[in-house]
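The structure under discussion appears below in the form of structure tokens.
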Amino acid sequence: MSAMSGGAPGGPGVTVEKAFTITGSGVVATGVVTGGTVRVGQRAAVYRGSQLVAAAAIIGVVGASGERLEAGEPGNTVGLLLQTEERQQLQAGDQVVATG
């Protein structure tokens, strides 16, 4: 995974509180939705501060309180399953930003 310069854009996303990997499925990021709605199927990028650390992820699942959702609304605490070919270690404080 290569880091590139750039600032984390505004818009819908999640500030990562916890992250873990599910082998064969992807990376799960948990946190609170901010800036708009995040939806299953959206493309996402991951930023650490102003550094882009993963540019090509797809939000495969949005979950809250043990239920699968089609979308997470601002203020919801959710888990996002990110499907990506890039192997990244997400950290608390990273920003998962929906890009499309």
Side-chain angles (χ1 to χ4, degrees):
M1 157 183 61
S2 62
M4 297 183 279
S5 294
V14 169
T15 299
V16 176
E17 293 175 2
K18 296 180 183 176
F20 55 93
T21 300
I22 298 176
T23 303
S25 294
V27 177
V28 175
T30 64
V32 176
V33 178
T34 59
T37 303
V38 293
R39 301 182 189 287
V40 171
Q42 279 184 307
R43 294 191 182 282
V46 178
Y47 289 85
R48 183 166 299 136
S50 62
Q51 295 295 309
L52 177 64
V53 295
I58 302 290
I59 299 172
V61 175
V62 177
S65 299
E67 296 183 28
R68 283 187 175 206
L69 307 172
E70 287 300 313
E73 302 292 332
N76 292 152
T77 299
V78 299
L80 302 178
L81 175 61
L82 302 175
Q83 300 166 338
T84 178
E85 291 183 18
E86 298 178 64
R87 294 184 180 267
Q88 76 266 6
Q89 292 294 328
L90 296 183
Q91 299 175 1
D94 287 352
Q95 299 285 320
V96 178
V97 180
T99 59

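In what follows, every heavy atom counts, from backbone to side chain, and hydrogens, waters and symmetry copies are set aside. Counting from 1, the numbers follow the sequence of the chain as shown. Here the structure is a predicted model, which is why all the values come from computation and not from measurement.
For Q91, the side chain to side chain donor-acceptor pair (under 3.5 Å) test picks out R48, with sequence neighbours left out. Evaluation of the side-chain contact (heavy atoms from CB on, under 4.5 Å) rule for A92 yields no partner, not counting sequence neighbours. Residues passing the side-chain contact (heavy atoms from CB on, under 4.5 Å) test with R68 are V61, sequence neighbours excluded.
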Enumerate, atom names and distances included, each donor-acceptor pair closer than 3.5 Å involving a side-chain atom of residues 27-42, sequence neighbours excluded.
residue	atom	partner	partner atom	Å
T30	OG1	K18	N	3.4
T30	OG1	K18	O	3.3
T37	OG1	E73	OE1	2.9
Q42	OE1	R39	N	2.7

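Hydrophobic clustering (ILVMFWY, side-chain heavy atoms < 4.5 Å, transitive): V14 and L81 are in distinct clusters.
The nearest pair of heavy atoms linking V62 to A71 is CG1-C, 4.0 Å. Residue L52 comes nearest to A45 through the heavy atom pair CD1-CB, 3.8 Å, listed as atom of the first residue, atom of the second, then distance.
Counting heavy atoms from C-beta outward, L82 and V46 have side chains that approach closer than 4.5 Å.
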